[in-house]
2 protein chains.
Amino acid sequence: MTLDALPLHQGGAENLARLLAQALLAGHWQPGDVFPRELDIGAHFNVSRNQVRNALTSLTAAGLLERTAGRGTQVRDIGDWHLLDPLMSEWMSGLINLDPQLVSAIYAFRYSAEPVVAGLAAQAAQAEDLERLDNAFMGMEKTANSAEARADHAEYDVAFHDATYRASHNLVWRQMGHLLRPSIMALIHRSQHRTDTLDDSLARHRQVLEAIRNRDAHAAETAAREVLRRTAIDLGIVS
Amino acid sequence: MTLDALPLHQGGAENLARLLAQALLAGHWQPGDVFPRELDIGAHFNVSRNQVRNALTSLTAAGLLERTAGRGTQVRDIGDWHLLDPLMSEWMSGLINLDPQLVSAIYAFRYSAEPVVAGLAAQAAQAEDLERLDNAFMGMEKTANSAEARADHAEYDVAFHDATYRASHNLVWRQMGHLLRPSIMALIHRSQHRTDTLDDSLARHRQVLEAIRNRDAHAAETAAREVLRRTAIDLGIVS
DNA sequence: CTTGTACAAATGTCAGACATTTAATAGACT
DNA sequence: AGTCTATTAAATGTCTGACATTTGTACAAG
């Protein structure tokens, strides 16, 4: 893999890190591949070696690369990537073509975790949490039937899940929800959205909301599982 | 707060970052305080400005600091810290006096998450996973009855939980297990360890191991919950 | 065939100058 | 007196070139 396929970069050093990270996340390099040298990267994008080093430092901190003096830079195995690193989270936002292995791993995690979170939310939710969930759900309803509001619909969908994590009133789960934001967004963007599937998705979200409002932890778990089953169908993981 | 109270630093730039981070985690600076300038830090520790900048870059990435050109470096609010950042995890290891609020939040998270993880492990564990769990458990047994092997016992305990997360064969859960390592270690160190409670703890861990070996997801969930109930008692959260 | 040496290539580090951003200050005009 | 503007100082951000250190390789001596 060479740098030629990458789009031209413009802006600060953060953009360079983002650009390279997204190429890695999309699977343009295989684990074990040697990464281009600092000077080559700098020459290709016409930036100083400093900026290249700053960008590579970020990628290394996120576990994407391994650098050793004299040997060069290598792409690390996916298992070593720091998926929960906020940097990673930021880079994944806006990225549509995720590595399929990542997509299924993130989906599997959410399928196991979100029912628990919804259950906790049913026990711990307060008035302001319910308000957040309500707003997000109403936004989803409002934007369901127009094609041009699709981006807004995705935002409300993410906001709904974020509000669920937040309603658990646990610091760790709340961080998880924040970190998963872009992943959830990516999953939503990969989903097929026809009119009938959207109606079904809305109905399942509504059941989560109602269960949390009724403080019924068991029902919330079940409903959250149903939402994710719908997601699996839309993703093409199952039919 | 000045730098004078900090121990002298020796070694690479990583040590400097660790030193400053642990000072922050110990509460030596209050949120909103201005952090010393690059040149002052460099002069105090007798290192180049480059090393200081590298260290501060790490702390900024972890959400501990906020730096703006011209204004200086500020300590961010605790709510903005990236608790799940691998860097943070590394810096927390070795710190014993965790914030009580943090302890209970982490315990609550584990109580909700680990049963699910154990269930996944029962479904997905392979031969090598069982071997890791076996080794960790046998280590726990071997070090249970001697006071001087207490540190080793804690290591095996942590290894057991890490192996459980790993056996789930999910990339995200595996990362969680890795990130929770120092937190789990801190919880173990806070626990009371008398002989009878240790026997009870061992018995409950054994049931998790057996359930995973028998591929019984439901039993694994229940057993994991029992292990954490024991932990809660040892922590003094419940009696 | 092994070992040692020299060399090349890559990342790591340093020092200094300069750029940019921000806040404070002094001064001029109304 | 008050307010706007220009200047200055202080901090972080960036660039550049040189040098240090680590690693892999080629080659020759034993």
Side-chain angles (χ1 to χ4, degrees), chain A residues 1-3 8-21 23-24 29-76 80 87 90, chain B residues 1-3 8-21 23-24 29-76 80 87 90:
Chain A
M1 176 68 194
T2 64
L3 296 168
L8 278 185
H9 136 278
Q10 62 182 12
E14 293 175 2
N15 271 343
L16 180 58
R18 184 191 184 87
L19 188 67
L20 297 173
L24 282 164
W29 279 276
Q30 294 303 311
D33 282 0
V34 295
F35 204 70
R37 297 169 305 202
E38 295 178 346
L39 293 175
D40 288 344
I41 299 175
H44 181 77
F45 292 110
N46 195 30
V47 296
S48 73
R49 192 184 161 211
N50 240 338
Q51 298 207 28
V52 176
R53 282 185 62 75
N54 288 339
L56 293 184
T57 298
S58 295
L59 302 206
T60 306
L64 291 171
L65 300 177
E66 182 176 12
R67 324 188 63 200
T68 46
R71 214 154 62 98
T73 303
Q74 259 187 326
V75 179
R76 295 185 69 179
D80 297 323
L87 285 172
E90 189 186 326
Chain B
M1 175 68 194
T2 66
L3 296 168
L8 278 185
H9 139 277
Q10 62 182 11
E14 293 175 3
N15 271 345
L16 180 57
R18 183 192 185 87
L19 188 66
L20 297 174
L24 282 164
W29 280 275
Q30 294 303 311
D33 282 1
V34 294
F35 205 69
R37 298 170 304 203
E38 294 177 347
L39 292 175
D40 289 343
I41 298 174
H44 181 78
F45 293 111
N46 194 29
V47 296
S48 72
R49 191 181 163 213
N50 243 335
Q51 297 207 31
V52 177
R53 282 186 62 77
N54 288 339
L56 293 184
T57 298
S58 294
L59 301 205
T60 306
L64 292 172
L65 300 177
E66 181 176 13
R67 323 187 64 203
T68 46
R71 214 153 62 99
T73 303
Q74 259 188 325
V75 179
R76 295 185 68 179
D80 296 325
L87 287 171
E90 189 186 326

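Only a predicted model underlies this, so the values are computations on that prediction, with no experimental measurement involved. In what follows, every chain begins at residue 1, and chains take the letters A, B, ... in the order their sequences are listed. In what follows, every heavy atom counts, from backbone to side chain, and hydrogens, waters and symmetry copies are set aside.
Atom CD of B/Q74 is separated from atom P of C/dT22 by 13 Å (rounded to the nearest Å). Following rounding to the nearest Å, A/R53 (CZ) and C/dG12 (P) show an atom-to-atom distance of 5 Å. Rounded to a whole Å, the CG atom of A/L39 is 7 Å from the P atom of C/dT11. As a whole-Å value, the separation of B/E38 CD from C/dG16 P is 16 Å. Atoms CD (A/E66) and C1' (C/dA10) sit 15 Å apart, rounded to a whole Å. We find that CG of B/L56 is positioned 14 Å from P of D/dA11, with the value rounded to whole Å. Rounded to whole Å, the distance from CG on B/N50 to C1' on D/dC15 is 12 Å. At whole-Å resolution of the value, CZ in B/R67 and P in D/dT14 are 10 Å apart.
Evaluation of atom-type donor-acceptor distances gives no pair under 3.5 Å for the side chain of A/R49 against the base of D/dG17.
With rounding to the nearest 0.5 Å, the separation of CG in A/N54 from CG in A/L16 is 9.5 Å.
In this structure, B/R71 does not reach the D/dA11 phosphate: none of its side-chain N or O atoms is under 4.0 Å from OP1 or OP2. Of the side-chain N and O atoms in A/Q51, none sit less than 4.0 angstrom from OP1 or OP2 of D/dT14. Contact annotation: B/T68 does not reach the phosphate of D/dA11 (side-chain N/O to OP1 or OP2, under 4.0 Å).
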Criterion side-chain contact (heavy atoms from CB on, under 4.5 Å) on A/T73 and A/R37, from CA distance to verdict: CA-CA 7 Å; A/T73 303; A/R37 297 169 305 202; over 6 Å; no
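Residues A/L59 and A/A21 come closest through the heavy atom pair CD2-CB, 3.8 Å. Of all non-hydrogen atoms in B/P31 and B/R76, the two that sit nearest each other are CB-O, 3.8 Å.
Looking at which nucleotide of DNA chain D each of A/S48 and A/A69 is closest to, the 5′-most match is held by A/S48.
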